[in-house]
K.L.:
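Before I ask anything, here is the structure I am working with.
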Amino acid sequence: MSDSPDAATAAGDSDTPRFRYDAARASEIETRWQTVWAESGTYETPNPSGWLSEDPFGVVDRPKLFVMDMFPYPSGSGLHVGHPLGYIATDVFARFKRMTGYNVLHTIGFDAFGLPAEEHARQTGEHPRVNTEQNMAVMTRQMTRLGLGHDRRRAVATTDESFYRWTQWIFLQIFDSWFDPVAKIARPIRELIAEFDAGERQPSNGRDWASLDDIERREVLQDYRLAYLAEAPVNWCPALGTVLANEEVTSEGLSERGDHRVFQRPLRQWMMRITAYAERLLDDLDLLDWPESVKTMQRNWIGRSVGAHINFDSIKVFTTRPDTVFGATYMVLAPEHRLVDELVPAVWPERTDPKWTGGALTPSEAIARYRNGVARTDTSGNGADHVAGHADKPYETAISGSGGDSGESKDKTGVFIGAFVVNPVNDEPIPVFISDYVLMGYGTGAIMAVPGQDERDWEFAQTFGLPIIRTVQPPVDFRGGPYLGDGKIINSGFLDGLNVNDAKAAIIDWLQEHGCGDGTVTYRMRDWLFSRQRYWGEPFPIVYDPSGIPIALPETELPVTLPDLIDWAPRVLDDDSDPEPPLGRAQDWGAIKLDLGDGPQIYRRELNTMPQWAGSCWYYLRYLDPTNENAMVDGDVERYWMSDADGTVGGVDLYVGGVEHAVLHLLYSRFWHKVLFDLGHVGGPEPFKRLVNQGYIQAWAYRDARGSYVPADRVEGDRQTGFTFEGEPVTRTFGKMGKGLKNSVTPDEMYTAYGADTLRLYEMSMGPIDQDRPWETRSVVGSMRLLQRVWRNIVDETSGKLTVVDETPDDSLRRALHRTIAGVRADMDALRFNTAIAKITELNNLLTRIERTPREVAEALVLMLSPLVPHLAEELWKLLGGQGSVTCVSFPEAHPAYLVADTFDLPVQVNGRLRAVITIACDASEEEVLMAAEADPNVNAHIAGRKLRRSMVVPGRMVTFVV
RNA sequence: GCCCGGGUGGUGGAAUUGGCAGACACGACGGACUCAAAAUCCGUUGCUCGGAUGAGCGUGCGGGUUCAAGUCCCGCCCCGGGCACCA
């Protein structure tokens, strides 16, 4: 199968009409109008005040609409036809809304910092900036050629100094804030200091503020800041030479980019206290018009669990089933739990089951062996410093272990630590184990094990011969094993007889009364690891004095610009190495002389850079006011674009992008926005009111005998004959279009063969915007044909003259026109561009059947098409004598008078089967309708001679008889 | 394993609240134009029977509710995505 586009109609063909709408004419029209648009600032959108407030079209007093795409990485391979799908959709919508009375802001920038750009630069050996700028130029050209109506004045890149200056400024806002747990908002750190100074609050670590020296106070504040340095187990990826956020590591323990191995290792890194916002990030999802699947993914990621803390002597556990505490027959700590080493006795208790000891002579030995079994041997030689949990632990070992099928639950391993603790509800001593099925990072890193009501505990109890006590009565037909459902509580003293929910409430009351526990809520989400050992990112606006406690640079020092390193590439490191930030090689840059109040001193700069996500957390705000040198965005401008007229949540009115950002970008961005909201820098709590995930464009791909992909455009044959590449048979598969599958089709190929308008129309007609869709180059011609027919209904192909007539359309055509207008309006408003196109096609098909197109219909047709195919629409609009750019004309309106007809067709059913369609007057009475229906010969044939049991008329819908 | 989506002609898809299943398009077939081909235009196109009016069947499978089910209910199957020892 040859999937390459048909050659463009040769312009020189003698018998092709001279003024046919073909690829060459489309190209000429498109580039001409693109020049006109650029020169007249057609897509420049006014702000209510400030730098961009010039408003030649007088639209600033209209209702506003902010339409946005997820901005792209300036990738070196340019665009394929899958990329612009979302951009076209937002463009059509933006143009439509502009024509229906909105002041629409639509632009696009570049997410130009970060791993992909740097990895590409690393391969080509060029400075990332060179690459990045070339790529941005290529992509901008491709998008402009597509006719996207962006306000180019607002097209920021995250790598612009004038942009990342404000990324750094926002970082400082976050750094200089703390989360007030009572008000549940971020507040400036100086307010916390004031409360400490006034004695209204004492540091949470129990120290006395008044007696602390300056450095100690700065240490205390570190524990409060929303951006802070912490020694934490982080995901270290030696191959990429950087640490990664949890969100950037796959469940297999590989880096999301490049599939490199990732190791857990304790490092001092920047963290963002996103966990403080867990509850609000969860609750506010309800305010958003987002796909339910994305909300679900965020809810799962945040992972709220309601339960209780219960103290078993010194060990605090978290459980969602405090009602089962009487069934707790043993206890499990995460292997790296700090209390393990405190609790471990010198020798095994008498009569310890040999199964529990792992064959070790002492508990300490058993623990050490177990830890080494699940963790990699530490080769750095300073094992003494490696307290539990600080050993390098590849995810692989932690994840594997079953050796069986991936779906099966993992075999339970573990070892007794020789200690017992007392169950506070019944004073029973229970043994303490460590096992890797308990994770240090969740809850308290310790559980009470209730095998009767928990699958994992059941398996563990089976393995180690531990007792099982049921505390919920299973139903009679229950087949055994752990019972997770509701039922009557048994074997639980004062809880007996209650159901599970009541028992939870009762036991939490009891625990609180006796001081050995309380009800609590735990979240799965962790704080966000925010530093990277990379060159191509925003430098931190942070310096250090000898204390090693970070100090914010004053605003006057912003931006902290990246030094022009030659040796910028990160080192590829082996698995045992430590991270090494490339900026450490910028000797001169790393030290800075400053006077921060106590005389000029030399400070060391922070050498890490921010992660890719930093710029994308807030770029939508900079679109609003891209050149503002005094603020990240002017307050009035921000409120104009980000507030709802009805005073609800506000934010970007429509945000379109791929579902792959469901938890990364979209969660970080919401977090930053909420901090900015708390601090009064933005007017609403959420950045993106409405989110739509566009589908992917997929395409056939072909693999040879070795399984390698071969270029799809050079494969021959079809399904009958089989497919071949260079004479060798290949197999056909299906997948997301891209470099990997070698099945890309570029927009440029489409421009040459059909033109940008055809490409736009085709992509919008393929199906619903949120659905994946298969690319079929041979089908593109259908969209081209529609445009040709539209052209021919308005313009004479041989003379190039208008053929429309100034006659009023006949009644049925006019009705069809107004039905189309009403339908297209509704469809475009709901982003149903595929059905809007179908309706326009139907109307145009009516026109091809009549001699001459009435002007009234031609004009409406062109206006309705203009959001979809703006170039052709401009051209036809001009030929029709229209004033100004078609993009500024009002969208046609349907007249209600033409939406109702004198007569209409009504289906008639007998016993639920369609027997006729009758034409009746709209104002016919029910009796008249029934009479007309019965009179139909075919209906009559089916009811004649039988008893009519029932007949009914569903007004406007249907007549039905039951015999 | 759990949680979301989704299964409609040869293909992509359409079908407000249950109310004419298959809009619109691709492809295929037939015709016009042409020396010929491409392009363009016209016609046919869910399957089966039939000359035709028409009849029967038909939205993954099996049941059910209803005058009426792609749409609602119950039980399955398959495909795609997310999460995955989270206590």
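What you are looking at is a predicted structure, and each value in this text was computed from that prediction instead of being measured. A, B, ... follow the sequence lines: proteins, then strands. Residue 1 opens every chain.
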K.L.:
Would you say A:R785 reaches B:U40's phosphate, i.e. side-chain N/O to OP1/OP2 under 4.0 Å?
P.N.:
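Answer is yes, contact under 4.0 Å.
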K.L.:
Does B:U65 have a Watson-Crick or wobble partner in any strand here, with both distances under 3.5 angstrom, and which is it?
P.N.:
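Because no pair has both required distances under 3.5 Å, B:U65 counts as unpaired.
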K.L.:
A:P768 has a side chain; which of B:C41, B:C3, B:A14 sits nearest to it?
P.N.:
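Nucleotide nearest to A:P768's side chain: B:A14.
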K.L.:
Taking only the side-chain heavy atoms of A:N938 (C-beta and beyond), determine which of B:A55, B:C85, B:C20 contains the nearest atom.
P.N.:
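Nucleotide nearest to A:N938's side chain: B:A55.
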K.L.:
Would you indicate which nucleotide in B:G56, B:C67, B:A87 comes nearest to any side-chain atom of A:V962?
P.N.:
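It is B:C67.
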K.L.:
Quick check: on RNA chain B, is the nucleotide nearest A:N834 upstream (toward 5') of the one nearest A:R321, or the reverse? Name the residue that is more 5'.
P.N.:
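Per heavy-atom nearest nucleotide, the more 5' residue is A:N834.
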K.L.:
Hey, does A:R299 reach any base, or is it just sugar-phosphate, or nothing, if we go heavy atoms under 4.0 Å?
P.N.:
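The residue A:R299 makes no contact with any strand.
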K.L.:
Just checking A:S305: base, sugar-phosphate only, or nothing, at a heavy-atom cut-off of under 4.0 Å?
P.N.:
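The residue A:S305 makes sugar-phosphate contact but no base contact.
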K.L.:
So what's B:G5 paired with, Watson-Crick or G-U wobble, going by both distances under 3.5 Å?
P.N.:
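Checking every strand shown, B:G5 finds its partner in B:C79, with both distances under 3.5 Å.
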K.L.:
Is A:S779 near enough to B:G27 that one of its side-chain N or O atoms lies under 4.0 angstrom from OP1 or OP2?
P.N.:
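So the side-chain polar atoms of A:S779 never come under 4.0 Å of the phosphate oxygens OP1 or OP2 of B:G27.
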K.L.:
Could you measure between the two P atoms, the one in B:G10 and the one in B:G64, and give it in whole Å?
P.N.:
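Their P atoms lie roughly 28 Å apart.
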K.L.:
Between the side chains of A:K316 and A:D518, is the shortest nitrogen-to-carboxylate-oxygen separation below 4.0 Å, so that they form an ion pair?
P.N.:
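A salt bridge is absent here (no side-chain N lies under 4.0 Å from a carboxylate O).
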K.L.:
Need one value for A:G782: base, sugar-phosphate or nothing, where a base atom within 4.0 Å counts as base even if backbone is also close, heavy atoms only.
P.N.:
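Touches sugar-phosphate only.
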K.L.:
Measure from the side chain of A:T841, starting at C-beta and using heavy atoms only, and say which of B:C26, B:C24, B:C67 lies closest.
P.N.:
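It is B:C24.
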K.L.:
Between B:C26, B:C20, B:C57, spot the one nearest the side chain of A:M958, thanks.
P.N.:
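Output: B:C20.
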K.L.:
Report which part of the nucleic acid A:M952 touches: base, sugar-phosphate, or nothing (heavy-atom distance under 4.0 Å, all strands).
P.N.:
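Result for A:M952 = base.
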K.L.:
Between A:I447 and A:R915, which is nearer to the 5' end of RNA chain B once each is assigned its nearest nucleotide?
P.N.:
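Residue closer to the 5' terminus by nearest nucleotide: A:R915.
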K.L.:
Which one is paired to B:C35, where only Watson-Crick or G-U wobble pairs with both distances under 3.5 angstrom count?
P.N.:
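Partner of B:C35: none found under 3.5 Å.
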K.L.:
Look at the side chain of A:K839 and the base of B:C24, then say whether one donor and one acceptor between them are separated by less than 3.5 Å.
P.N.:
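Side chain to base: no pair below 3.5 Å.
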K.L.:
Of the nucleotides B:A25, B:C57, B:C26, which one has an atom closest to the side chain of A:R913?
P.N.:
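Among the listed nucleotides, the one closest to the side chain of A:R913 is B:C57.
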K.L.:
Answer with yes or no whether A:Q909 presents, from its side chain, a donor or acceptor under 3.5 Å of a partner atom in the base of B:G19.
P.N.:
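For A:Q909, whose side chain was compared with the base of B:G19, there is a donor-acceptor pair (under 3.5 Å).
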K.L.:
Select base, sugar-phosphate, or nothing to describe what A:V659 touches, counting heavy atoms under 4.0 Å on all strands.
P.N.:
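Contact class for A:V659: none.
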K.L.:
If you compare every side-chain N and O of A:R792 against the phosphate oxygens of B:C41 (OP1, OP2), does one of them come in below 4.0 Å?
P.N.:
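Yes, such a contact exists.
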K.L.:
If the cut-off is 4.0 Å, is A:N845 near the phosphate of B:A25, judged by side-chain N/O to OP1 or OP2?
P.N.:
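Answer yes for this pair, as a side-chain N or O of A:N845 is under 4.0 Å from OP1 or OP2.
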K.L.:
Any strand is fair game: report the nucleotide pairing with B:G30 by Watson-Crick or G-U wobble, both distances under 3.5 Å, or none.
P.N.:
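Per the H-bond distance test, B:C42.
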K.L.:
Between the side chains of A:S783 and A:Y754, is a donor N or O closer than 3.5 angstrom to an acceptor N or O?
P.N.:
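Side chains of A:S783 and A:Y754: no pair found under 3.5 Å.
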K.L.:
Taking the minimum atom-to-atom distance to the side chain of A:E842, which one of B:C24, B:A15, B:C85 wins?
P.N.:
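The closest nucleotide is B:C24.
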K.L.:
Sort out the partner of B:C47 for me: Watson-Crick or G-U wobble, both distances under 3.5 Å, none otherwise.
P.N.:
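Its partner is B:G56.
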K.L.:
Under 4.0 Å: is that the gap between some side-chain N or O of A:Q771 and OP1 or OP2 of B:G13?
P.N.:
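Answer is yes, contact under 4.0 Å.
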K.L.:
Under 4.0 Å between any heavy atoms, over every strand shown, what does A:S765 touch: base, sugar-phosphate, or nothing? Just pick one.
P.N.:
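Nothing: the residue A:S765, judged by heavy atoms under 4.0 Å, touches no strand.
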K.L.:
Heavy atoms, side chains only, cut-off 4.5 Å: are A:L761 and A:L787 in contact?
P.N.:
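Yes. Closest side-chain heavy atoms under 4.5 Å.
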K.L.:
If I pick the P atom on B:A69 and the same atom on B:G63, what distance separates them, to the nearest angstrom?
P.N.:
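These two P atoms come out 15 Å apart once rounded.
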K.L.:
Specify whether A:Y437 and A:F460 have parallel, tilted or perpendicular ring planes, treating 30° as the upper limit for parallel and 60° as the lower limit for perpendicular.
P.N.:
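A:Y437 and A:F460: tilted rings.
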K.L.:
Between B:G9 and B:G70, how far is it from one P atom to the other, in whole Å?
P.N.:
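14 Å, rounded to whole Å.
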K.L.:
So if I take every side-chain heavy atom of A:E776 and compare against B:U40, B:C26, B:A25, which nucleotide ends up nearest?
P.N.:
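For the A:E776 side chain, the nearest candidate turns out to be B:C26.
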K.L.:
In terms of side-chain heavy atoms of A:M297, which of B:A39, B:G82, B:C20 is nearest?
P.N.:
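Within the option list, the nearest is B:G82.
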K.L.:
Look at the side-chain N and O atoms of A:H942 and state whether any lies under 4.0 Å from the OP1 or OP2 oxygen of B:A55.
P.N.:
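True: A:H942 side-chain N/O within range (under 4.0 Å) of B:A55 OP1/OP2.
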K.L.:
Can a side-chain donor-acceptor contact be found between A:Q453 and A:T471 if the only test is distance below 3.5 angstrom?
P.N.:
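Judged by distance alone, the side chains do pair up.
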K.L.:
Looking at B:C67, B:C20, B:U11, which one has an atom nearest to any side-chain atom of A:R950?
P.N.:
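The answer is B:C67.
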K.L.:
Please determine whether a side-chain nitrogen of the Lys or Arg among A:E455 and A:K412 lies less than 4.0 Å from a carboxylate oxygen of the Asp or Glu.
P.N.:
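No, this pair does not count.
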K.L.:
For nucleotides B:A15 and B:C85, find the distance between their C1' atoms and express it as a whole number of Å.
P.N.:
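To the nearest whole Å, 46 Å.
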K.L.:
Under 4.0 Å, counting only non-hydrogen atoms across every strand here, what does A:R832 touch: a base, just sugar-phosphate, or nothing?
P.N.:
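Here A:R832 touches no strand at all.
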K.L.:
Considering every strand and a 4.0 Å limit on heavy-atom distances, what is the contact class for A:R524: base, sugar-phosphate, or nothing?
P.N.:
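A:R524: base contact, heavy atoms under 4.0 Å.
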K.L.:
Which of these passes side chain to side chain donor-acceptor pair (under 3.5 Å) with A:N793: A:T853, A:N844, A:N845, A:T803?
P.N.:
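Going through A:T853, A:N844, A:N845, A:T803 one by one, the side chain to side chain donor-acceptor pair (under 3.5 Å) with A:N793 is satisfied by A:N844 alone.
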K.L.:
Can a side-chain donor-acceptor contact be found between A:D905 and A:T919 if the only test is distance below 3.5 angstrom?
P.N.:
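A:D905 and A:T919 do have a side-chain donor-acceptor pair below 3.5 Å.
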